[in-house]
Amino acid sequence: MKYDFDEIINRRGTGSIKWDFGDDLIKMGYAEYFDEKTLPLFTADMDIAVPPPIVDAMHRTADQRIYGYTMLPPEYYEAVTGWFKRRHDWDIAPEEILFCPGTVKAVDVAINAFTEPGDGVIIQRPVYYPFTSHIEKHGRNVVNNQMLVDDDGYYKPNLEEFEDLAKIPENKLFILCNPHNPSGRIFDNDDLRELARICKENDVILIADEIHGDLIRQDQVFTPIVKTTDDVSQIVTCTAINKTFNTAGLHATNVIISNPELRKSYRKALGSAMPSPFTYNAVIAAYNECEDWVEELKTYFDGTIEWVMTFLRENMPKVKFVRPEGSYIFWMDFRGYELSAEEIRKKIYIDANVILESGTLFDPDNGEGFERICLSSPRPIIKEAFLRIAAEFKGC
Ligand SMILES: Cc1ncc(COP(=O)(O)O)c(C=O)c1O
């Protein structure tokens, strides 16, 4: 391997949410305990160095010595369109790209742009929980289209129920999360096509959060929803370098909207969104120069996930899971232990001293007994976390 993903970089003292703010995490209910031995494996950023071309771009930008107001140069658009053409065979026109400082922000803007207070926004739980908080923050209603579980244990959308919900006139927006967080599931193309059709026929705008779409298993294929249907006039897609290249702190999201009317409404709700010179140069470097790094990283995560699955089968056979098809997130079902949520939490968060994310965050009604871990740290850290957790469940 050209890159050393096993390298352990000390992030303490760098302002990292997960490594530096234990007291705040406890206050906010994310953690039960925090000390210098805590392994915080909850928030979805990586403890892995970004690709060298991005570091070089940051140095070059710093050397400019002036960080004034900036706009996106043509090279930015070329880098974005080039990446999606090469990687996903997706032709994007530069004018379809709107820069937004972050993907959560991009979803938030869509809620404001396309719905009114009192309208319903459809989500599919279990799902990335900031969707819920942002829908509620704006006085819109959360409308849950609960995911089903197929024979292999993978989540899939309940299309019948989705169609019923889409027919309700108050339900104006659907937030798709594909690859799916927290399970890593990549939706079937047929299901995506159906979701798009139902939205189109019922005048529901579909915002696709595809932030995890570039970091998938080597044996998997990710298809952006716009590539599954001919009519994309109802679709808004969020893409970002934030997860793929570990640059979440740079807040670089691109929202792709081909329908000019939707784009106009979205732009109005977005307002001024200026990228910092560091951010746009990172995007250019990431999309132009880092393909080999992404491929190696995917192979590395394949290996980590393989290790975790083998470890769980051998040491914690009561934990149920499926192999995530995308991302480094891993969703575990601890219900086989028949312990209360508090007992599970105590064992993991306090006794093993590992911070995860509890299932009820992603699904208040059905998430109890589930935990999500981010396998985005160097493998020695992941191994240590699982050894600690397994020791606490021994004999249970
Ligand atoms: C599905 C999904 N969307 C958005 C985000 C956050 O993206 P950003 O940092 O670009 O706001 C995450 C982070 O975990 C995520 O998993």
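Every number for a ligand or one of its atoms is a count from 1 in the order of the listing. Fair warning: this is a prediction, and the values are worked out from it, not measured in the lab.
- Checking N254 against Y76 by side-chain atom types alone, a donor-acceptor pair falls below 3.5 Å.
- For residues 42-53, the side-chain hydrogen bond (donor to acceptor under 3.5 Å, both in side chains) pairs, not counting sequence neighbours, are R11-D45, R11-D47, K18-D45, K18-D47, W19-D47, D47-S377.
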Ligand-protein N/O pairs under 3.5 Å (ligand 1):
unit_1, atom_1, unit_2, atom_2, d
ligand 1, 3 (N), D209, OD2, 2.5
ligand 1, 10 (O), T103, N, 2.8
ligand 1, 10 (O), T103, OG1, 2.7
ligand 1, 10 (O), N242, ND2, 2.7
ligand 1, 11 (O), T103, N, 3.0
ligand 1, 11 (O), V104, N, 3.0
ligand 1, 14 (O), K243, NZ, 2.8
ligand 1, 16 (O), N181, ND2, 2.7
ligand 1, 16 (O), H212, NE2, 2.7

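- At most 12 heavy atoms of other shown residues, nucleotides or ligands fall within 6.0 angstrom of atom CD in E160.
- Between the side chains of D24 and Y30, not a single donor N or O lies within less than 3.5 Å of an accepting N or O.
- Taking Ile, Leu, Val, Met, Phe, Trp and Tyr as members and joining any whose side-chain heavy atoms lie under 4.5 Å apart, directly or through other members, the hydrophobic cluster of I123 also contains L98, V104, V107, V109, I111, F114, V121, V127, Y128, F131, I135, V142, L173, I175, I205, I207, V236, V255, I257, L262, Y266, L270.
- Residues forming a side chain to side chain contact (heavy atoms under 4.5 Å, CB included) with D363 (at least two apart in sequence, or on another chain): R125, P126, Q146, D365, N366.
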